[in-house]
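Here's the structure, in structure tokens; my notes come after.
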Amino acid sequence: MLTIRTQQIERLDAHFQNKLIEAIRQHVAMHLPDEYAHQLATDQHSTTIRQSLDVARRYGLTTDANLTIFTDFWLVYGSDFPSNSEWAMAILTDDSLREDEKTEQLRSHLDTYLTEAEPKP
């Protein structure tokens with residue numbers, strides 16, 4: 001019989017958390033303005049990303065992909081996201097939605113906003 005101690009589980013969790021944080025850093029460096037990438041690269045303890053992950057998990061987001069999407073919104077809209085956005089709160093607190101549906105609706109809302117904000121000819 002194999003026994004896994006609490007300390008071992010905590011170390012595994014920390015390892016996977018650090019891998020996720022590094023993946024998000026790389027994602028940000030590729031997809032968001034340089035100032036974000038620079039800020040995250042110089043943040044020794046990845047405070048910004050850790051905070052966004054903690055908040056995302058409170059809304060039921062658990063997969064790496066969904067946590068990354070939420071972090072994108074956190075970085076673009078600010079550290080008071082989603083509480084500063086009624087539309088985001090409505091989506092994230094809707095218990096009838098699965099987590100993938102929540103992030104898809106966040107993206108859809110942003111796509112609609114950006115499409116409507118484009119100058120009309």
Just verifying a value: how many Å separate [X] [atom1] and [Y] [atom2], rounded to the nearest 0.5 Å?
X    : Y   : atom1 : atom2 : result
H27  : D64 : NE2   : CG    : 12.0 Å
I24  : L53 : CD1   : CG    : 4.5 Å
D100 : T63 : CG    : OG1   : 5.5 Å

If I compare all heavy atoms of L67 with all of T62, which pair ends up nearest, and what's the gap?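 Closest approach of L67 to T62, heavy atoms only: CD1-O, 3.5 Å.
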Between V28 and L75, what is the shortest heavy-atom contact and its length?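 Heavy-atom minimum between the residues: CG2-CD1, 3.5 Å.
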Are the side chain of S108 and the backbone N or O of E104 linked by a donor-acceptor pair below 3.5 Å?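 No, S108 side chain to E104 backbone: no donor-acceptor pair under 3.5 Å.
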Side chain K102, main chain G60, donor-acceptor under 3.5 Å: no
Fellow cluster residues of L12, listed by chain then number, with links counted only when side-chain atoms sit under 4.5 Å apart: F16
With sequence neighbours left out, what residues match [X] under side chain to side chain donor-acceptor pair (under 3.5 Å)?
X    : answer
Q105 : none
T68  : none
Q51  : none
T3   : none

What pairs with [X] under side-chain contact (heavy atoms from CB on, under 4.5 Å), at least two apart in sequence or on another chain?
X   : value
D94 : S96, L97
D80 : S83, N84
R58 : D54, V55
S79 : W74

If you look only at pairs with a residue in residues 4-13, which of them pass as a side chain to side chain donor-acceptor pair (under 3.5 Å), with sequence neighbours excluded? none
For E101, check salt bridge (Lys or Arg N to Asp or Glu O under 4.0 Å) against everything at least two apart and list the hits.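 Residues passing salt bridge (Lys or Arg N to Asp or Glu O under 4.0 Å) with E101: R98.
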Please name all residues satisfying ring-ring contact (aromatic ring centres under 6.0 Å, His included) with F81, sequence neighbours left out, ordered by chain then number. F70, F73, Y77
